[in-house]
Every structure is written in structure tokens, then in C-alpha cells.
Asker: 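Input: one structure, supplied below.
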Amino acid sequence: MPSDQPVPPADGLLLSARGLHKSFGDNHVLRGVDLDIAPGTVHALIGPSGSGKTTVLRSLNGLETPDAGTLRIGDLSLDFDRAIGRRERAALHRASAMVFQQHQLFPHLTVLGNATIGPIRVQGRSRDEATEAALALLDRVGLREKADAYPSSLSGGQQQRVGIVRALALQPSMLLFDEPTSSLDPELVGEVLAVMSELASEGWTMAVVTHELGFAHEVADRVSFFDGGVVVEQGSPEQVFEAPQHERTQRFLQRMRGPFGG
Amino acid sequence: MDWELIGSSIGPIVLGAIQGTIPLTAASFALGLTIAVLLALARISGVAVLSAVARAYISIIRGTPLLVQLFVIFYGMPQLGITLDPWPSAIIVLSMNVGGYAAEIIRAAILSIPRGQWEAAAMIGMPRGQALLRIVLPQAARVSVPPLSNTLISLVKDSSLCSLILVTELFRVAQRIAAPSGEFLLLYAIAGAIYWVICLVLAFGQDRLEGRLDRYAV
Ligand SMILES: Nc1ncnc2c1ncn2[C@@H]1O[C@H](COP(=O)(O)OP(=O)(O)O)[C@@H](O)[C@H]1O
Ligand SMILES: [Mg+2]
């Protein structure tokens with residue numbers, strides 16, 4: 001179970017973003033994104049590539065700073081119309097933990113080192129405690145015997161599961177996934193999605209950018225469809241996948257399902 | 001072949017390597033790497049003044065002969081009232097020289113580490129300085145091993161120039177024995193052979209180190 005789950009504020013949401021805008025040069029990538037995530041729920045972010053999903057997710061972790069809008073995670077409130085300081089960005093990093101598309105494990109550290117460096121060096125937990133916690137997490141994703149291996153010796157699916165363990169070890173209040181399976185060989189996708197389903201059923205709050213629509217349909221509580229830097233449509237998986245209201249959603253789903261249905 | 005001269009000169013020349021060349025090289029390389037890391041960080045700091053100063057330093061070091069640098073410090077500085085002994089002069093100049101060359105190697109190595117590594121470090125909550133020390137520099141060090149090994153091997157050979165500012169190292173010992181005996185060919189060949197052995201040992205060490213570091217090759 002997620003520990004230290006902050007008490008949800010009055011609106012019952014763990015995360016609430018309003019009017020996020022972001023430009024890279026004159027490329028206006030986010031054009032007013034709203035996002036609400038209730039504690040213990042899985043929110044899937046779907047949409048065509050280039051629609052701004054990654055940028056939103058990175059903004060939630062403080063890896064990108066929106067030009068405008070507001071963001072609240074737990075008891076942390078940020079107004080991007082003002083300049084964001086180092087301390088606020090650090091608080092954002094702390095509030096959530098991210099699993100990257102290209103795992104971004106630290107190649108010079110062992111699997112165990114990857115999972116403990118944050119807890120030990122950043123959070124100041126004792127080595128024994130951090131090691132024990134990390135080994136327990138590795139055990140849960142079936143990688144305990146790989147604790148002393150280096151990331152380069154693992155398969156893509158194993159690397160991504162270590163990425164998940166590294167995120168969990170930080171004891172964040174929510175998890176962010178940016179297409180965690182899109183760079184994997186097809187036969188390795190299942191083992192990663194299985195771990196994610198398990199985390200979802202344990203009550204983790206998760207924001208998941210994914211092209212695995214089957215996974216989103218089955219596991220997500222809410223789905224947001226992105227296009228052109230805005231959330232075009234948002235609802236339960238049943239609403240979005242089975243009765244999409246917007247033409248752009250319908251066309252995207254059709255394209256994803258391919259010419260032969262599916 | 002003057003076997004007797006060979007026999008009696010090898011000992012002192014090897015001693016010159018052990019007491020001169022090797023400690024001189026080791027100290028200068030260690031100090032030089034420290035200077036290089038600071039210069040590399042100044043170059044990528046994004047602070048215009050720091051970057052410009054580092055760039056000028058590197059340009060001067062790489063654009064002037066090592067021999068001239070040695071002479072400026074050892075024979076030139078006394079005119080400004082700064083008189084240094086041979087050893088400190090040699091260590092200062094050699095380490096400044098290594099600093100200038102290795103700075104570009106280390107800068108390139110730091111820049112070769114993917115941005116995603118900085119981001120993963122930020123994600124786990126590391127401030128930039130800590131990310132540099134614990135995540136980026138260790139990986140950059142791995143990338144730098146081959147080019148820095150070349151720098152070290154060059155340094156071993158370049159240290160022979162310090163004989164000209166009166167440092168008692170391998171080559172100066174050979175010179176001292178050669179002059180009265182007149183056996184220049186023999187003694188300089190012995191000196192060359194010992195440099196070669198030192199460089200072979202270093203190249204062997206480089207191979208071993210690279211092999212060990214390959215465990216976590218990306
Ligand atoms: N760091 C960046 N610098 C410049 N442009 C960027 C950067 N990150 C993303 N973009 C641009 O922003 C747009 C949205 O990208 P992204 O958020 O990655 O979309 P998605 O994840 O939905 O594919 C793209 O046009 C992309 O080229
Ligand atoms: Mg993306």
C-alpha cells in the first residue's frame with residue numbers, strides 16, 4: 001500500500017491541474033490542460049503522438065515547468081503564473097515518482113543501488129532499512145535474484161520493472177508512467193503491465209500515458225484523450241472507449257484499432 | 001656492447017624513474033585531473049564569465065609548448081621575485097598542462113551522458129550538484145578512461161622535458177651518466193626502453209580497467 005498517503009483535501013482529489021500552458025519556442029504544446037486525479041485511482045492519458053501527454057506528465061513531476069496554470073498535489077499548491085523556485089520544484093519531485101519511457105536506470109549502479117540511492121542519499125534513510133525495503137519490492141516484481149546485477153545485463157521488461165521498483169522505493173504519493181511498454185519487444189510488454197495492474201489493485205494513485213488501449217480500458221478508472229495540447233474528452237473507460245462523444249476521439253480510436261477492427 | 005656500463009647505469013636510471021618520473025607524473029596527473037574537472041564544470045556552467053575564463057585558459061595551455069611553459073615558470077618567474085625549486089615548478093606546470101588537455105576530454109564526457117540521466121536524478125530528488133557527483137561524473141569517468149589513459153601516457157613521456165629545469169628524473173640521470181662516458185647512444189637507448197616499459201604497464205592497466213568497467217557498459 002502507498003505509505004504516507006497525504007490526507008486528500010476537501011475536494012477529495014489527490015491531484016488537480018488547471019489551465020496548464022507550455023510553449024517550446026513558438027510551439028504551443030499545452031493549451032490549457034485540466035486534470036483531476038482522485039486518490040487510489042488510475043488515470044490513463046491517451047492520444048496521438050505529439051499531443052502533449054509526456055509534457056503534462058513531466059510537468060506533474062517538476063521536470064518541465066508550465067508557463068501558466070495551477071497545480072495541486074496533496075498539500076502542495078503551485079501557481080505557474082509566478083516563477084517556480086528551486087524549493088517548490090524539489091517538492092514536486094518528492095510528491096510523485098516517474099517511470100520513464102526509456103527506463104533511465106543508472107547504468108553504473110546495480111539493481112539494488114538503483115533502488116536505494118534515492119532513499120539513502122536523498123531521503124536520508126538508513127542503508128539497512130532502504131536495502132530491506134528495496135529487496136522486498138524487488139521480490140514483489142520477481143527480481144530479487146537480480147539485486148546485484150547491472151541494468152545492462154537485464155532484458156527490457158526487467159529493466160522497466162526495476163524502474164518501477166526505483167519509483168516505489170521513493171515512497172511517493174503517486175506514480176507517473178510515460179509509455180512504460182512502448183520501447184519493449186511485444187513479448188515483454190505483458191510482464192510490465194501485470195506489475196502495473198497489481199499496483200493499481202493495491203490502491204496506488206497512478207497517471208499512465210499509454211498506447212495500450214486494452215490495458216487502459218481494463219485497469220484505468222478515468223481516461224483523458226489528448227489532442228493538440230488539450231484534453232478533448234475525459235470520462236470512464238466505458239464512456240471514452242465504447243461511446244466516444246468527440247469526432248477526434250472516434251477517429252483516434254479507429255486508427256489505433258487498425259483497418260481490420262480489434 | 002659495454003656490458004659493464006649497462007650494468008652500472010641501469011640501477012641509477014631506474015631509480016631516477018622511481019624517485020623522479022613516476023612520482024612527478026602521478027602527482028601532476030592527480031592535480032591535473034582536479035583542475036580539469038573544475039575547468040570542465042566552468043565551461044558547462046552556463047555562467048558566461050566562468051566559461052570564458054576556462055576557455056582562455058585551455059586555449060593558452062594547448063596553444064603553447066610545454067617547454068616554454070616550464071621555462072616561463074622556472075627561469076622567468078624569478079624576475080618577478082617568485083623563485084620556485086625544480087620540483088614544485090615541474091608539478092605546477094605539468095598539472096596545469098594536464099588540466100588544459102583533460103578538461104576538454106571531461107567536458108565531452110559529461111556532455112555525452114544523456115539528459116535523461118539528469119532527469120532521473122532530479123526525479124529521485126537529487127539537487128544538481130549531487131546528481132553531478134553521484135550520477136553523471138561516475139558515468140563520465142567511464143567514458144573518459146581511454147582518452148585520459150592517452151593523456152597519462154603522454155605525460156610520462158613529456159615529463160622528460162623537466163630534465164631541462166633540473167628535475168632529477170629518469171632522463172636527467174641518463175644524461176648525467178652519458179656525458180662523461182660519451183656513450184650517448186647506449187644510455188639514451190636505455191632511457192627510451194625504460195619509458196617504453198612504463199608505458200606498456202600503463203596500457204596494460206588501461207585494458208584491465210576498461211574490462212572491469214565494461215560490466216556496466218550501457
Ligand atoms: N524539450 C522540448 N523541447 C522542444 N520541444 C519539445 C520538447 N518536449 C516536447 N516538445 C514538443 O512538444 C510537443 C508535444 O510533445 P510530447 O509532450 O512529447 O507529446 P506526446 O507525449 O503526446 O507524444 C511535440 O511537438 C514535441 O516535439
Ligand atoms: Mg510521449
Side-chain angles (χ1 to χ4, degrees), chain A residues 54 57-58 60-65 86-87 89-111 113-125 130 148-154 159 162-163 165-172 175-176 178 183, chain B residues 33 36-37 40-41 44-47 50 102 105-149 205-218:
Chain A
T54 294
L57 206 66
R58 290 163 54 82
L60 301 184
N61 188 254
L63 294 175
E64 214 73 77
T65 306
R86 181 181 300 210
R87 194 165 294 171
R89 200 185 321 276
L92 261 186
H93 292 320
R94 258 198 317 279
S96 63
M98 179 123 146
V99 177
F100 296 91
Q101 187 168 5
Q102 315 284 7
H103 63 79
Q104 297 299 352
L105 295 176
F106 305 126
H108 60 301
L109 301 178
T110 62
V111 164
N114 269 274
T116 55
I117 186 168
I120 294 173
R121 298 293 173 191
V122 179
Q123 302 180 342
R125 279 188 263 156
D148 295 324
Y150 284 87
S152 60
S153 69
L154 305 181
Q159 287 169 339
V162 175
V165 166
R166 176 175 69 179
L168 292 172
L170 297 168
Q171 303 185 342
L175 297 169
L176 312 174
D178 188 8
S183 55
Chain B
L33 284 186
V37 170
L41 294 180
I44 58 179
S45 64
V47 181
L50 285 181
I105 293 171
I106 292 172
R107 182 178 80 100
I110 291 175
L111 293 179
S112 77
I113 305 307
R115 205 173 59 130
Q117 288 288 302
W118 287 99
E119 294 183 343
M123 185 279 287
I124 68 169
M126 284 192 171
R128 277 188 80 77
Q130 200 183 14
L132 178 74
L133 280 178
R134 296 205 176 271
I135 304 299
V136 174
L137 280 183
Q139 296 181 57
R142 166 69 188 89
V143 180
S144 314
V145 166
L148 286 180
S149 300
Q206 175 188 354
D207 272 359
R208 290 283 304 265
L209 184 57
E210 283 178 33
R212 271 194 43 186
L213 294 172
D214 269 345
R215 286 182 306 183
Y216 63 75
V218 204

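Protein chains get the first letters and strands the later ones, always in sequence-line order, with residue 1 at the start of each. Worth saying up front: this structure is predicted, and the values here are computed from it rather than measured.
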Asker: Could you check whether any side-chain heavy atom of A:P107 comes within less than 4.5 Å of a side-chain heavy atom of B:Q117, counting everything from C-beta outward?
Answerer: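 SC-SC contact between A:P107 and B:Q117 confirmed.
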
Asker: Pick whichever of A:R89, A:Q104, A:R94 has the most heavy-atom pairs under 4.5 Å with chain B.
Answerer: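 Top option by heavy-atom pairs under 4.5 Å: A:Q104.
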
Asker: State whether A:R58 and B:E119 are salt-bridged, where the test is any N-O pair (Lys NZ or Arg NE/NH1/NH2 against Asp/Glu carboxylate O) under 4.0 Å.
Answerer: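 Looking at B:E119 together with A:R58, the answer is yes, because their closest N to O distance falls below 4.0 Å.
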
Asker: Under 4.5 Å from any heavy atom of chain B, what part of A:A97 do you find: side chain, backbone, both or neither?
Answerer: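 Contact with chain B: backbone and side chain both.
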
Asker: Donor-acceptor check, side chain of B:S112 to backbone of B:A140, threshold 3.5 angstrom: yes or no?
Answerer: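 Not at all, since once roles are kept as given, no pair shorter than 3.5 Å links the two residues.
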
Asker: Tell me, for A:F100 versus chain B, whether the close heavy atoms (under 4.5 Å) come from the side chain, the backbone, both or neither.
Answerer: side chain

Asker: Working to the nearest 0.5 angstrom, can you tell me the gap between A:D178 CG and A:Q102 CD?
Answerer: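 Output value for this atom pair is 9.5 Å.
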
Asker: Is chain B contacted by the side chain of A:L92, its backbone, both, or neither, given a heavy-atom distance below 4.5 Å?
Answerer: neither

Asker: With respect to chain B, which residue among A:H103, A:R86, A:R121 yields the maximal number of heavy-atom pairs within a distance under 4.5 Å?
Answerer: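 Among the listed options, the one with the most contacts to chain B is A:R121.
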
Asker: Shortest non-hydrogen contact from A:A130 to A:I120?
Answerer: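 Taking every non-hydrogen atom into account, CB-CG1, 3.6 Å.
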
Asker: By a 4.5 Å heavy-atom criterion (distance strictly below it), what part of B:R128 contacts chain A: side chain, backbone, both, or neither?
Answerer: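 B:R128 has no heavy atom closer than 4.5 Å to chain A.
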
